[in-house]
Number of protein chains: 2
Amino acid sequence: MSTVRLLVLGVVRARGEAHGYAVHRQLMSWRVDTWTAVKPPSIYHAVKQLDREGKLVTPGLATSPKGPNRVLYRITEEGQREYFALLEAALRSPDIEEFGAGIAFMQSLPRRRVRELLTEQLATTRQIDADLEEMKAQWPDPGAPPHAQHLLELWRGVFRSNAEWAMDMRERLAAGEFCFAED
Amino acid sequence: MSTVRLLVLGVVRARGEAHGYAVHRQLMSWRVDTWTAVKPPSIYHAVKQLDREGKLVTPGLATSPKGPNRVLYRITEEGQREYFALLEAALRSPDIEEFGAGIAFMQSLPRRRVRELLTEQLATTRQIDADLEEMKAQWPDPGAPPHAQHLLELWRGVFRSNAEWAMDMRERLAAGEFCFAED
DNA sequence: GACACACTAGTCAGAGTTGACTAGTGTTGC
DNA sequence: GCAACACTAGTCAACTCTGACTAGTGTGTC
């Protein structure tokens with residue numbers, strides 16, 4: 001859920017004003033359905049939810065020449081706070097979908113802050129890897145079902161791969177790649 | 001959902017007879033919550049669902065000396081068919097959680113069949129990796145948000161890591177590790 | 001000019017999931 | 001001997017997600 005919320009807030013914030021379908025189309029043009037489980041109904045649901053919570057407001061209707069009228073949304077102060085909270089949490093998160101959504105919007109933070117968050121992300125990911133390693137040692141029988149030991153290895157591969165990616169990204173930031181807020 | 005269903009059917013089948021909490025405890029002893037998103041209420045939900053669908057039956061109550069009476073479940077013919085269908089689908093699935101559940105029960109298939117399925121799994125995983133590579137080439141601007149190119153790289157890492165793991169497992173099977181049905 | 005087809009812009013019921021809660025049963029310390 | 005705590009064995013309401021569907025608007029084409 002927090003992934004869709006971040007994506008919706010991020011798109012509305014970046015565009016200034018947007019209706020549901022515009023958010024939907026923007027996210028689909030980013031192939032969000034490839035790197036998260038976000039699907040159209042979830043997007044509309046998140047928009048309504050954020051509106052009810054006062055994170056988005058509807059300054060008016062856009063009367064479109066073609067198609068039905070569409071409700072325009074704009075981000076509020078409270079929405080901005082939620083956006084930055086979700087963004088920082090996402091860049092720290094070991095969940096690959098949430099993390100991906102954080103990367104998508106990292107440029108609304110200062111470069112230095114993103115590097116700090118990626119460092120935290122790396123520490124968490126490595127800690128999980130170490131925890132899984134330790135957990136593995138507690139199963140005495142690697143040959144018997146459910147092969148929990150091997151399954152833990154399968155997951156360790158995922159976390160190690162993510163850690164490598166995060167390290168690479170941190171180096172790119174250090175090397176001055178990308179443009180950031182307050183650069 | 002299919003992950004929980006496979007896990008529940010597999011545990012009931014392996015034990016012959018089981019009540020909800022026994023399934024729950026078995027799965028938790030396997031650390032299923034570490035390598036899937038399966039949580040207790042989902043387990044109870046799946047048990048009831050499978051019962052309604054005739055995949056499980058309740059031959060009787062176990063009157064326990066301590067605690068409330070518990071409903072015992074047993075797998076039906078139809079349940080067996082579902083079990084094997086889910087198991088084969090899981091071993092072929094690129095979804096790491098589903099795949100993990102398949103590995104947990106792979107020994108109820110013949111060794112040869114598991115090797116075939118792992119070969120299919122590898123082909124699918126590599127195909128996804130190739131598709132992501134190709135998709136990446138269609139974004140012209142790697143420096144601009146949402147960094148979709150880099151996010152695709154993040155995911156490719158996951159799939160490549162899974163492919164390596166599957167290759168390793170296939171080699172273990174070829175080397176005669178583990179005991180299988182019909183060995 | 002009218003028919004098929006694709007695109008826009010969503011909605012909806014039903015299914016699945018979750019955090020929080022309940023309620024009974026040992027059991028340990030004082 | 002009893003209060004506090006942990007463990008057993010789940011349930012529940014509220015929330016979220018999903019596949020399938022709707023309905024209006026261009027647009028090409030014969």
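For clarity, every value in this text was computed on a predicted model and none was experimentally measured.
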Value in whole Å for how far the C1' atom of C:dG16 lies from CD1 of B:I43 | 14 Å
Below 4.0 angstrom, N of the basic side chain to O of the carboxylate: do B:R156 and B:E153 qualify?
-> yes
Could you state the atom-to-atom distance from OH of A:Y44 to P of D:dT22 in whole Å?
-> 17 Å
For the pair made of CG in A:D33 and P in D:dC17, what is the distance, rounded to whole Å?
-> 15 Å
Do any side-chain nitrogens or oxygens of A:H19 fall under 4.0 Å of OP1 or OP2 in C:dG10?
-> yes
Separation of B:L7 atom CG from C:dT17 atom P, in whole Å?
-> 12 Å
B:K39 side chain N/O closer than 4.0 Å to the phosphate oxygens (OP1, OP2) of C:dG19?
-> yes
side-chain N/O B:K48 vs D:dT11 OP1/OP2, d < 4.0 Å = yes
Looking at the side chain of A:M1, which of D:dC12, D:dT16, C:dG16 is the nearest nucleotide?
-> D:dT16
How about B:R172: does its CZ atom have over 12 heavy atoms from other parts shown lying under 6.0 Å from it?
-> yes
Without hydrogens or angle criteria, can the side chains of B:R160 and A:S161 be said to hold a donor-acceptor pair below 3.5 Å?
-> no
Rounded interatomic separation in angstrom, taking OH from A:Y21 and P from D:dG24 | 17 Å
Just how far, in rounded Å, is C1' of D:dG10 from OH of B:Y73?
-> 11 Å
Below 4.0 Å: OP1/OP2 of C:dG16 and any side-chain N or O of B:Q49 | yes
Answer yes or no: does a side-chain N or O of B:S42 lie under 4.0 Å from OP1 or OP2 of C:dT18?
-> yes
Integer-rounded Å distance: D:dA9 P and B:L27 CG | 15 Å
Salt bridge present between A:R113 and A:E116 (N-O < 4.0 angstrom) = yes
Whole angstrom is fine here: how far is it from CG in B:L72 over to P in D:dA9?
-> 12 Å
Selected nucleotide, minimal atom distance to A:R25 side chain, candidates C:dG10, D:dT8, C:dT8 = C:dT8
Just by distance, with hydrogens left out, do B:R170 and B:T119 show a side-chain donor and acceptor under 3.5 Å apart?
-> yes
Using a heavy-atom cut-off of under 4.0 Å over every strand shown, decide if B:H45 touches base, sugar-phosphate, or nothing.
-> base
